[in-house]
Amino acid sequence: MLRALSVQLPQRETKALVALHGWSAVLLGLLLYAVVITGAVAVFAEEIRHWSVGNVASQSPFIQPLDRWVRQHAGNVDPAHLEEVTLSTSSSGHLNIFYHSHIDQPDGTIEEYGDAVELVVATGEVLSHRVTTATELREQENAGALARFIVSIHTELHLPRPWGLMLTGILGLVLLVSAISGFLIHGHLLKEAFTLRRDRNPLLTRRDVHSLAGTWGLPFAFVLAFTGSFFSFAGAFGIPAMAMVAFGGDQETMIRTLIDQPTIESKTPGPAANLDAVIADATRRAGVAPVFASVSGWGVDASRITVFAPASDNRLTGRQFSYDGNSGEFQREKPALGKVPSAGATAVSLMAPLHFGNFAGILSKLVWGALAFALCYVVITGFTLWLKRREHEPGWVWLRRGLLAFGHGIPIAMLSCALAYFLAPILGGNAFSAVPASFVAAALLVLGWSALTRDLDALNSKLLVVTIILCGLLPATRLMTGGIGWLDALWQGNLAVPMLDAVFLLCAVFLAIQRRGVSATANNDPEPLTLATTGTGQQP
Amino acid sequence: MSSNLLSNLLNARFWLCGPLGFLLAVVVMLGMALWFPGGAADIDNIVLPLVLFPALWAGIFFFAYLEPRLKRIWCVFALLGIPNTALIAAQFWS
């Protein structure tokens, strides 16, 4: 058994892989840490949205009659915008209806443009009605600004497209290299997974801790790296390049072919099917209420409806059902891609649940989040080991500063942007611009502070204090700026509010205990195990 | 440090593992759109190369990094790169 799980490479290859494992992490590891830690938080994007919005409608709009409102507003919008109608849930839990057409952009992409209506399904009260593009609608929505920003900082590091995606794609490949080289250089995986030598020299203990966390996290790191690179590269250049080769550059035709959604050319008027009946049928088939519906060609002959339901009944992926848009008659269950089930559709449909960990509700998300935080720990301990071995080389002090700046800076910046989300409305600003601005400002402040401070141990301790204060301030700020109370939230079925408030308070307490431990160790032990090993100990 | 960087830039293996390896993975991915079977839904030739891109790149990278004989690496790069490039070029010219 032990022999089966051990990988023995010749000495030359092992040496080369050790160098690759270390240098790839040193060159891009800090950015990789930024992507992984924001990803660990982004796993809970839905919970963050519920926590930050607070008053989220307790019932999904898809389990209430909505047909009359969709029909009523369809009669009031520009007929050109009836090319496609999409129904989704807004950040505050109400119904979003987007009547739109597709417009060719100068850069070759397609933009959706039309009437966006947000309404309360129970009463029909219109909360907002704007004529806008899908991009503006998504980017300028205040309510979901925090959750959306956390996801975008993870996927694109707040850089313009396609450069952000390219960078995160490259970082995904770096993680893949680290996972594969880590697997190959740690000769005895099973042994490494259970080895922690505490009584010998501290460097050995650190190495064991790194190997232990890394060995357990290896399969997860591999899965995350693979699926993450796929998402980044497919979005950045894969899909446009494939469209160039296989469809003469026509991205829209390629996408429509892949998702099997042909353009409805007909202008002949036809009846619009009853959406309530269609959604009820889809709910019965899926065993769960849908989360999205799309009507291609509203009120014209040959109209088509597609309804999307999330994963349920021990399924890993969601389901799609296709209906006749005129009669409402069920046509077929659609595969994720293409007209009939295929290997490609199955492979693609597995990418999202494997990357987001959302296939078994909050339980799988907790596992995914914990594993991602463990991966951050592996990156940090990897750096600490690297620096420990080079503690007498003054040239590496920049990496020690960088480790402190990133290690503390990213969590501080994320906490700051959450504070800005709550404070912006009462200070007369808007959340969708205040959130990214505060993230960048906080990150730059920590970077500057790290660059200018001489005593790195003191800096480590101070940054920890800042993190503790921000964690403690967040629930209080949320409540003081009009956020919903715990009892009201529980009454509305919004568990995210008490859960995340409690997480922040527990984090503050945990970090305060950690800080006391670090200070005590720094005073008594010549080799403190802090975030940045500043080289006070002896070379082993 | 700077002399190391310079020697790396002049090192053929650096280019094979880095930019050329990445370019080769992209070329093979695009070429697969033209020769890979479409499958039951006639989409596998588009979708699977996109999904497999990270694996393609990793395979090429580790081969170029670990194979001691540079000539062999160049041969494999040529074997993979030339037919796929020719297919893509033929697609554009036709």
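No hydrogens, no waters, no symmetry mates; every other heavy atom, side chains included, goes into these values. Note that the structure is a prediction, hence the values are computed from the model and not measured. To find a chain, count down the sequence lines: A is the first, B the second, and so on, and within it residues start at 1.
Residues B:Pro68 and A:Arg12 approach most closely at CA-NH2, 3.9 Å, considering heavy atoms. The heavy-atom pair separating B:Ala41 from A:Gly338 by the smallest distance is CB-CA, 4.4 Å. Between A:Leu17 and B:Tyr65 the shortest heavy-atom distance is N-CE2, 4.2 Å. In plain terms, the two heavy atoms of A:Leu176 and B:Ala58 that are nearest each other are CD2-CB, 3.8 Å. The shortest non-hydrogen separation linking A:Pro341 to B:Ala40 is O-CB, 3.8 Å.
For chain A, the nearby part of B:Asn45 is the backbone; its heavy atoms alone come within less than 4.5 Å. Residue A:Pro335 does not touch chain B at all, counting heavy-atom pairs closer than 4.5 Å. The parts of A:Ile239 that come within reach of chain B are both its backbone and its side chain, each placing non-hydrogen atoms under 4.5 angstrom from that chain. Of the two parts of B:Leu34, only the side chain, counted from C-beta on, holds a non-hydrogen atom closer than 4.5 Å to a non-hydrogen atom of chain A. In this structure, the portions of A:Met242 lying under 4.5 Å from any heavy atom of chain B include both its backbone and its side chain. Using a 4.5 Å cut-off between heavy atoms, B:Ile88 touches chain A through its side chain atoms alone. If you measure heavy-atom distances from A:Phe231 to chain B, you find no contacts under 4.5 Å at all.
Annotation for A:Met244: atom CE does not count as buried by contact number, only 12 or fewer foreign heavy atoms lying within 6.0 Å. Within a 6.0 Å sphere centred on CZ of A:Arg332, other residues, nucleotides and ligands contribute more than 12 heavy atoms. Atom CD of A:Gln11 is surrounded by 12 or fewer heavy atoms from other residues, nucleotides or ligands within 6.0 Å.
At a threshold of 4.5 Å between non-hydrogen side-chain atoms, the residues B:Phe62 and A:Val177 count as touching.
Atoms OG1 and CG, on A:Thr14 and B:Leu66 in that order, are 9.5 Å from each other to the nearest 0.5 Å. B:Ile43 CD1 to A:Leu337 CG: the interatomic distance, rounded to the nearest 0.5 Å, is 4.5 Å. Between B:Leu48 atom CG and A:Ser342 atom OG the span is 7.5 Å, to the nearest 0.5 Å. Summarising the geometry, atom CZ belonging to B:Phe22 is positioned 6.5 Å from atom CG belonging to A:Leu173; distances are rounded to the nearest 0.5 Å.
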Start with the C-alpha distance between A:Thr257 and B:Ile46, add both sets of side-chain angles, then the distance that settles side chain to side chain contact (heavy atoms under 4.5 Å, CB included), and finish with yes or no. CA-CA 10 Å; A:Thr257 305; B:Ile46 307 291; over 6 Å; no
Determine, stepwise, if the pair A:Phe237 / B:Met29 fulfils side chain to side chain contact (heavy atoms under 4.5 Å, CB included). CA-CA 11 Å; A:Phe237 72 84; B:Met29 177 188 80; 3.9 Å; yes
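Here B:Asp44 is the residue among B:Asp44, B:Asp42, B:Val26 with the most heavy-atom pairs under 4.5 Å with chain A. Note on A:Ala347, A:Ala343, A:Ala246: by heavy-atom pairs under 4.5 Å with chain B, the leading option is A:Ala343.
Aromatic pair A:Phe226/B:Phe53: ring centres not closer than 6.0 Å.
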